[in-house]
Amino acid sequence: MKCIFCGNSESKVVDSRYLKDTSIRRRRECLVCGKRFTTYETAESNPMVVTNVDNIREPFKTEKLTCSIEHAVYCTEIENQVKDIVDKIEKKLFELQKQEITTKDIVKVALEVLIELSSMACLVYYTQHTDCDDFDGVRRFINM
């Protein structure tokens, strides 16, 4: 951990305290300049990696999911529930207990959540995130 005052990378921990949100607050003292500073340590909250259709791997990003849900629910009765919807989708994804998921996993879970809330938002999300390129594909989805 680099000292915020002099940039030295050597410090010692003077005090550690566990916080309510499962993080740790540490008071450190720089071994060069002697000044003290505070650091916070938290566990990585999102270790999932997403593999997309092109087999490119990247960390799961809540912002991307939020953006696509905002687009799907635009002008629907659930437009003001985006955060709750995203939280529910993320919870279900974590329940899969997979460290690496695919975009198909995300789409499947998102559709499960959206169909309970708004058929229109579900249809918009489906047409946006699947390879449905004709009306027959949409019709098959609606008839499921």
**OP:** Start with the C-alpha gap between Glu41 and Arg26, add the side-chain angles, then the distance that decides, and say whether salt bridge (Lys or Arg N to Asp or Glu O under 4.0 Å) holds.
**Re:** CA-CA 8 Å; Glu41 182 180 310; Arg26 297 195 195 279; 3.1 Å; yes
**OP:** Begin with the C-alpha distance, continue with both residues' side-chain angles, and end with the deciding distance and a verdict on side chain to side chain donor-acceptor pair (under 3.5 Å) for Glu90 and Thr62.
**Re:** CA-CA 8 Å; Glu90 281 187 328; Thr62 303; 2.4 Å; yes
Subject >> From CA spacing to verdict: salt bridge (Lys or Arg N to Asp or Glu O under 4.0 Å), Lys83, Asp87 >> reply: CA-CA 6 Å; Lys83 184 176 179 347; Asp87 288 346; 3.1 Å; yes
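For the pair Asp105 and Lys98, the salt-bridge criterion is met [side-chain N within less than 4.0 Å of a carboxylate O]. In summary, Asp84 and Lys88 do not engage in a salt bridge, as defined by a charged side-chain N under 4.0 Å from a carboxylate O.
Contact record, Phe37 with Met1: CE1-CG, 3.8 Å, taken as the closest heavy-atom pair. The heavy-atom pair separating Thr102 from Val50 by the smallest distance is C-CG1, 4.3 Å. When all heavy atoms are compared, the tightest approach of Ser11 to Leu31 is CA-CG, 4.0 Å. Listed here is the closest heavy atom pair of Ile69 and Leu114: CD1-CD1, 4.1 Å. For Ile89 against Val109, the heavy-atom pair with the smallest separation is O-CG1, 3.8 Å. The nearest pair of heavy atoms linking Thr76 to Ala72 is CG2-O, 4.2 Å.
Within a 6.0 Å radius of CZ in Phe5, other residues, nucleotides and ligands contribute more than 12 heavy atoms. The environment of Glu58 atom CD is dense: over 12 non-hydrogen atoms of other residues, nucleotides or ligands sit within 6.0 angstrom.
No side-chain donor-acceptor contact under 3.5 Å links Asp54 to the backbone of Ile56. A donor-acceptor contact shorter than 3.5 Å is absent between the side chain of Thr130 and the backbone of Thr127.
Taken together through direct or relayed side-chain contacts under 4.5 Å among Ile, Leu, Val, Met, Phe, Trp and Tyr, Met120 and Ile115 form parts of separate hydrophobic clusters. The hydrophobic cluster containing Leu96 also contains Ile85, counting ILVMFWY residues as joined when their side-chain heavy atoms lie under 4.5 angstrom apart, directly or transitively.
Applying side chain to side chain donor-acceptor pair (under 3.5 Å) to Thr39 and the options Arg28, Arg27, Arg25 leaves one that passes, Arg28.
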